[in-house]
Trainee: 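Okay, here's the structure, questions in a sec.
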Number of protein chains: 2
Amino acid sequence: MTKPYNINDFKNPLFTVDSVLFTVKEGRLQVLMVRRANEPFIHQWGLPGGFVDVDIDQSTDETALRKLKEKTSVAPQYLEQLQAFSSAYRDPRGFSVTLVYYALVAEQEVSCHIDTVDDAKWVDLEELDDLAVAFDHRFIIEQAQHRLQQKALYSMVPVYCLPELFTIAQLKSVIEVIIGKEIQRKSLIRRIDASEMFEALDEKVKSGGRLAQVYKVKPDVDIAHFERNLSM
Amino acid sequence: MTKPYNINDFKNPLFTVDSVLFTVKEGRLQVLMVRRANEPFIHQWGLPGGFVDVDIDQSTDETALRKLKEKTSVAPQYLEQLQAFSSAYRDPRGFSVTLVYYALVAEQEVSCHIDTVDDAKWVDLEELDDLAVAFDHRFIIEQAQHRLQQKALYSMVPVYCLPELFTIAQLKSVIEVIIGKEIQRKSLIRRIDASEMFEALDEKVKSGGRLAQVYKVKPDVDIAHFERNLSM
DNA sequence: CAAATTTGTGTCTTTATGACACTTTCCTGT
DNA sequence: ACAGGAAAGTGTCATAAAGACACAAATTTG
């Protein structure tokens, strides 16, 4: 296989795809971490990801999805590119680039599978400091969290941390966990109405109090975005 | 050179870095395009960019800057990652990934240099359809334009299309060119005050009318962001 | 059946932008 | 020199969406 166009091919940078998979579990924001089976940073914890398989993947999106499915057995409800991180020193093997995605799932969708394996687990973002984290993945997770927080202020993205059917209180809760601050229930209701991306179904009981309306995301709708941020 | 960790190294994807360099010239948004000297798409027009040189570049940011300097002789005033574009088919040589940056410069900074070379030129975005464009660069430029438009609605980023000293009218004009719509002068003034990122200097004459206040960006300030979008 | 609790509604306040009139300053032409 | 035009800059009211909060409705628990 000749490569006539690129004389530098022999020193191409290392290129990987990693994902920061978030969920909200027990009222806290969690990230999926996997134990590394290979050098470098063997036995430390890192983000799920790896090399593109050019025979299987049609794009890096598919690489990210494939790697996430390997670890969780399901596709995340939301997946979007965060950004690439690169440096000559972040990997001891040399110049490396990792294209990072961030993703959301409902905890119920994956935890039953996660609990059966011991090379993958949910890590509470508050407890990440206690973990031996590979590469610059701690920094990457911070960046992903920041982006997710921003998105939560002007879009309905956090709904993808919830199961198919959910209540306003549940949506309010995941938003609050993501942005780390209480929001006005009334403001959320106004946005739910204005977004037109949800469908009201029938009731469901919740702790004390009146029955709560159950919603689902309408099929094939776009994620609603708003002109204004919620205040922080 | 052994690569014990990565058995797929021999079919690593092609990895390049490209930039969409914008400026506002003659009241229109323009992009820097360069004539390709190599296959594939030789002699067609594409984005400035190329392969990482791992002996020179410390990161992909530096790759983007290096390639832009080669074509314009100066560093852009603003540079930020857009996103990676990848597919098995976007390059005839096989699976390829291009990490795309978008950048802004004042037209005055570079046009004198651009005009001396014939393998690089400013292309009016409205006239891009008439050009033979390599790869998926036309699509990429559209994405970059969209991102720039969004940024212009909630940040002061467009100021980096202007020279060091500028007036409110000039800033208003570049914003309007970028978003393709008139904005309220008053709203812009309010944002200039609130941002605290500018310094007022002394006067300067403009077409008819009263002398306009000249501003410059304070040294080392962060780009101001606003909680609310300008309306579209 | 009363108290507690959560859902859902009504409405007033707050804040930044949109719209637009009005004043100020400077240039130009006669 | 002066009138008129033109752009710069200010003042202010309207608008829109979020914040704050009271209150009513529905359901569970003791």
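Just so it is clear, the values below take in all heavy atoms, side chains as well, and ignore hydrogens, waters and symmetry mates. Everything quoted here is computed from the prediction, not taken from an experiment. Order of the sequence lines fixes the chain letters, A, B, ..., with proteins taken first and strands second; residue numbering starts at 1 for each chain.
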Trainee: In this structure, how many angstroms lie between the P atom of C:dT17 and the CD atom of B:E227, rounded?
Mentor: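 Rounding to the nearest Å, CD of B:E227 and P of C:dT17 are 10 Å apart.
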Trainee: Looking only at non-hydrogen atoms, find the nearest pair between B:L47 and B:H137 and report the distance.
Mentor: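 The pair with the smallest heavy-atom distance is N-ND1, 3.0 Å.
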Trainee: Does the ring of B:F226 carry B:R191 above it, NZ/CZ under 6.0 angstrom from centre and within 45° of its axis?
Mentor: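 Yes, B:R191 and B:F226 form such a contact.
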Trainee: With a 4.0 Å cut-off, would you call A:R138 and A:E142 a salt bridge?
Mentor: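 The answer is no: the pair does not qualify as a salt bridge.
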Trainee: Any idea which heavy atoms bring A:L21 and A:P76 closest together, and the distance?
Mentor: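 So the two residues come closest at CD1-CB, 4.0 Å.
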Trainee: To the nearest angstrom, how far is A:I189 atom CD1 from D:dC21 atom C1'?
Mentor: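 Computing the A:I189:CD1 to D:dC21:C1' distance gives 14 Å.
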Trainee: Looking only at heavy atoms, which two atoms of A:V97 and A:R90 are closest? And how far apart?
Mentor: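 Closest pair (atom of A:V97, atom of A:R90, distance): C-NH1, 4.3 Å.
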Trainee: Does anything in residues 145-175 of chain A reach DNA chain C, meaning a heavy atom under 4.0 Å, and if so which residues?
Mentor: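 By residue number: A:I168, A:A169.
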Trainee: Using atom CD of B:E176 as one end and atom P of C:dG18 as the other, report the distance to the nearest whole Å.
Mentor: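 Result: 12 Å.
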Trainee: Between B:M232 and A:Y215, which is nearer to the 5' end of DNA chain C once each is assigned its nearest nucleotide?
Mentor: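 Upstream on the strand: A:Y215.
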Trainee: Is the distance between the ring centroids of B:F22 and B:Y78 under 6.0 Å?
Mentor: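 No, the ring of B:F22 stays outside the 6.0 Å limit from the ring of B:Y78, centre to centre.
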Trainee: Ignoring hydrogens, what is the shortest heavy-atom contact between B:E107 and B:T23? Give both atom names and the distance.
Mentor: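 Distance-wise, the nearest heavy atoms are N-OG1, 3.1 Å.
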Trainee: Does the side chain of A:Y89 pick up a donor-acceptor pair with the side chain of B:Q58 at under 3.5 Å?
Mentor: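 Short answer, yes.
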Trainee: Without decimals, in angstroms, what is the distance between A:L230 CG and C:dT15 P?
Mentor: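 My rounded result for the distance is 16 Å.
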Trainee: Where do B:V217 and B:F198 come nearest, in terms of heavy atoms and distance?
Mentor: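 Closest heavy-atom pair between B:V217 and B:F198: CG2-CE2, 3.8 Å.
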Trainee: Within this structure, what is the CG-to-P distance between B:L188 and D:dT10, rounded to whole angstrom?
Mentor: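 Those two atoms, CG and P, are 13 Å apart.
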Trainee: Please determine if B:K25 and B:D124 form a salt bridge, counting it only when a charged side-chain N lies under 4.0 Å from a carboxylate O.
Mentor: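 No salt bridge links B:K25 with B:D124.
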Trainee: Expressed as a whole number of angstroms, how long is the span from A:L201:CG to C:dT7:C1'?
Mentor: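 Roughly 17 Å, once rounded to whole Å.
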Trainee: Find every protein N or O atom lying less than 3.5 Å from an N or O atom of nucleotides 19-21 of chain C, and list the pairs.
Mentor:
unit_1 : atom_1 : unit_2 : atom_2 : d
C:dA19 : OP2    : B:Q184 : NE2    : 3.0
C:dA19 : N7     : B:Q184 : OE1    : 3.2

Trainee: When you check the phosphate oxygens OP1 and OP2 of C:dA16, does a side-chain N or O of B:R191 lie under 4.0 Å from one of them?
Mentor: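 So the side chain of B:R191 is outside the cut-off, no N or O lying under 4.0 Å from OP1 or OP2 of C:dA16.
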Trainee: Take the protein atom CZ of B:R228 and the nucleotide atom P of D:dA17, then report the distance between them rounded to whole Å.
Mentor: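 Those two atoms, CZ and P, are 9 Å apart.
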Trainee: Does a salt bridge link A:D119 with A:K71, judged by any charged N lying under 4.0 Å from a carboxylate O?
Mentor: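 Looking at A:D119 and A:K71, the cut-off is met.
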Trainee: A:Q213 CD to D:dA25 C1': how many Å, rounded?
Mentor: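 Going from CD in A:Q213 over to C1' in D:dA25 covers 15 Å.
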Trainee: Tabulated below should be each protein N or O lying under 3.5 Å from an N or O of nucleotides 22-25 of chain C; please produce it.
Mentor:
unit_1 : atom_1 : unit_2 : atom_2 : d
C:dT24 : O2     : B:R210 : NH1    : 2.8
C:dT25 : O4'    : B:R210 : NE     : 3.4
C:dT25 : O2     : B:R210 : N      : 3.4

